[in-house]
Amino acid sequence: MSENKKPTALIIIFGATGDLAKRKLFPSIYRLFRKDKIDKFAVIGVARRSLTNEQFQENVKESVLTFGNGEEDVEEFISHFHYHSHDVSSSESYSQLKVLAESIDNQYSLEGNRIFYLAMAPEFFGTIAEQVKAQGLTDTAGYKRLVIEKPFGHSFETAQQLNEQLRTAFREDEIYRIDHYLGKEMVQNIEVIRFSNALFEPLWNNRYISNIQVTSSEVLGVEERGRYYETSGALRDMVQNHLMQMVALLAMEPPISLTTEEIRSEKVRALRSLRPMAVNDVDNYFVRGQYGAGQLNGEDVPGYREEHNVDPESNTETFVAGKLMIDNFRWAGVPFYIRTGKRMDKKSTQIVVQFKDIPMNLYYRTEENLTPNLLVIHIQPEEGITLQLNAKKAGTTANTTPVKLAVSNEGIDKMNTPEAYEKLIFDSMRGDATNFTHWDEVALSWKFTDIISEAWETKKEPSFPNYPAGSAGPKAADDLLAQDGHKWWSTDI
Ligand code: BG6
């Protein structure tokens, strides 16, 4: 599609009364509408509850006013929304949806372009895909695409079963698996920083890089999601998808061009190079944590085991730290450390690339200024880049002191960067799948994390809970790096 032609689509959102639709999807579609990136579009909200169109439109309006930063043209915007009360397992319900879709398609001249957006409980993903095909909703003159939220399966095996169900109705190139981290501005920036700077790409290998650290810490606990989280844990919730995707972007070879296929095939090659672990080797590479009661902003907060819908003796991890080795020519010997956790001291996602020390230190250095060069990519909440170098300490000494060259995205663009979902919805309408995960990536990531799950699920962790809420995680995470002579860089850099 040419850059200038606005995409057209009927977006059918399954799970339209849910939290994701309310917090992310409606406000993102609204922003696209306000920026005039879309005008010929309509949305059918699908959910079990019985609502009139007007009631549904009121819900959309409320979500836009609360989360969408604006109220202009809101009446016109919500007039594009329609509602269908649905029973996911009844064929009849899909036939009715088909009739409604056709009439709305005609009304807005949507050229038969359809996006089926699955934003609901994962156990229905497969059924919905099969039913939309069986009842003819996918027989349309335009494109048909399936946008699907995580979790994409629970293990390699269950993901494969789900994939097979989806593939009965959609081709691989019609399936858009959301990993919302790939929509984040600074995650998209990883490739640009690497491949457009003569300063970095020549150094981006095991001759010059000592280790790479990817941290994604959260202050929130499991909130109301205890039931889901008990079966997921931090490994499936964050590592298998978001963290491994960031590692793939950091480790991949330069693609020969920026097409979706080339970028994906390099990411897949990076994931294929991950050093496999045996189940009894997992403890040498990964540590797990679970938060106990603690304090946040001076307030007492309960431990994980006291949360709603959580087993009082739960063995579920709310924190993971690990060391990934990528056994190829570029990365042999360079650890990629990852960590993520709930109820930590800060909300922060950041990447630190630590360069090797220079061969010989000519300067007298005190403990405080013994600093390697670091490239820090700040993903959230601040967006930006910091490069830490050494310079001369002012005065009559030859001591060095670390100095920081820093840019923040606010400085680069002078505007708020669009939300991840806004970009991803727009990409799915334009047919650009680059920032979605291909089945091969999903499969390789599951195969890697399945070994860890196997090791952890068969062995109860006696030290749980092993970090207090509001802290930086368990000590074992520091020990993991200390045994290699490294340490975690703080998220305040
Ligand atoms: C989601 C996880 O995928 O990512 C949540 O299911 C987590 O548990 C969230 O809180 C974190 O996303 P972000 O964008 O706030 O870092």
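The shown structure was predicted, so the numbers you read here are calculated from the model rather than taken from an experiment. Positions are given from 1, in the same order as the sequence printed here.
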Are more than 12 heavy atoms from other residues, nucleotides or ligands located less than 6.0 Å from atom CD of Q295? yes

So, does K447 use its side chain to make a donor-acceptor pair with the main chain of P276 at under 3.5 Å? no

Over 12 foreign heavy atoms within 6.0 Å of CD, E299: no

Scan side-chain atoms only and decide if T318 and Y467 contain a donor-acceptor pair under the 3.5 Å cut-off. yes

When you compare the side chain of I452 with that of M277, does any pair of heavy atoms fall below 4.5 Å? yes

ring-ring contact (aromatic ring centres under 6.0 Å, His included) involving Y117 - partner list, sequence neighbours excluded: none

Taking every non-hydrogen atom, the tightest pair across I338 and W488: O-CH2, 3.5 Å

Are any side-chain N or O atoms of S85 and backbone N or O atoms of R48, one a donor and one an acceptor, separated by less than 3.5 Å? yes

Are any non-hydrogen side-chain atoms of Q380 and K184 less than 4.5 angstrom apart? yes

Do Y176 and I115 come within less than 4.5 Å of each other through their side chains, counting heavy atoms only? no

Is there a donor-acceptor pair under 3.5 Å between the side chain of E76 and the backbone N or O of D73? no

For the residue pair S445 and N241, confirm or rule out a side-chain donor-acceptor distance under 3.5 Å. no

Below 4.0 angstrom, N of the basic side chain to O of the carboxylate: do E457 and R236 qualify? yes

Measure from the side-chain N and O atoms of N390 to the backbone N and O of T371, and report whether any donor-acceptor pair falls under 3.5 Å. yes

Going through the checks in order, is the salt bridge (Lys or Arg N to Asp or Glu O under 4.0 Å) test met by D427 and K423? CA-CA 6 Å; D427 283 353; K423 288 198 257 179; over 6 Å; no

Please find out if less than 6.0 Å separates the ring center of Y291 from that of Y304. yes

Ring-plane angle category for F33 and Y30, please: parallel below 30°, perpendicular beyond 60°, tilted otherwise. tilted

Out of V353, I326, I209, which one pairs with V334 under the side chain to side chain contact (heavy atoms under 4.5 Å, CB included) rule? I209

Would you say NZ of K487 has more than 12 non-hydrogen atoms from neighbouring residues, nucleotides or ligands within 6.0 angstrom? no

Give me the ring orientation class for F26 and F56: parallel if the planes are under 30° apart, tilted from 30 to 60°, perpendicular past 60°. perpendicular

For R288 and L235, indicate whether the former's side chain and the latter's backbone hold a donor-acceptor pair under 3.5 Å. no

Using a 6.0 Å cut-off, check whether atom NZ of K475 has over 12 heavy atoms from anything other than its own residue. no

Residue pair K35, E422: steps toward the salt bridge (Lys or Arg N to Asp or Glu O under 4.0 Å) verdict: CA-CA 11 Å; K35 290 177 183 169; E422 185 181 330; 2.6 Å; yes

Min side-chain heavy-atom separation Q245-Y181 under 4.5 Å: no

Could you check whether K459 pairs with D283 (Lys NZ or Arg NE/NH1/NH2 to Asp/Glu carboxylate O, under 4.0 Å)? yes

For the residue pair M252 and F195, establish whether any side-chain heavy-atom pair is separated by less than 4.5 Å. yes

Mind checking whether M186 and H378 have side chains closer than 4.5 Å, heavy atoms only? no

Side-chain donor/acceptor pairs under 3.5 Å, residues 59-66, sequence neighbours excluded:
| from | atom 1 | to | atom 2 | distance (Å) |
| --- | --- | --- | --- | --- |
| K61 | NZ | E75 | OE2 | 2.6 |
| S63 | OG | K22 | O | 2.9 |
| T66 | OG1 | E62 | O | 2.5 |

If we only count heavy atoms from C-beta on, is the L324 to F448 side-chain gap below 4.5 Å? yes

Smallest heavy-atom separation, Y228 atom then K150 atom, equals OH-NZ, 3.7 Å

More than 12 heavy atoms of other groups within 6.0 Å of E123 CD: yes

Decide whether E230 and T316 meet the rule of one side-chain donor and one side-chain acceptor closer than 3.5 Å. yes

So, H180 side chain and A420 main chain: donor-acceptor pair closer than 3.5 Å or not? no

Compare every heavy atom of A455 with every heavy atom of T458, then report the nearest pair and how far apart it is. OG1-O, 3.3 Å

Give a yes or no on whether E71 atom CD has more than 12 heavy-atom contacts from other residues, nucleotides or ligands under 6.0 Å away. no

Quick check: closest heavy atoms across F436 and R264, and the distance to 0.1 Å? O-NH2, 3.4 Å

Backbone N/O of E54 and side chain of Y83: donor-acceptor pair under 3.5 Å: no

Would you say W456 and E317 are linked by a side-chain donor-acceptor pair, where the criterion is simply a distance under 3.5 Å? no

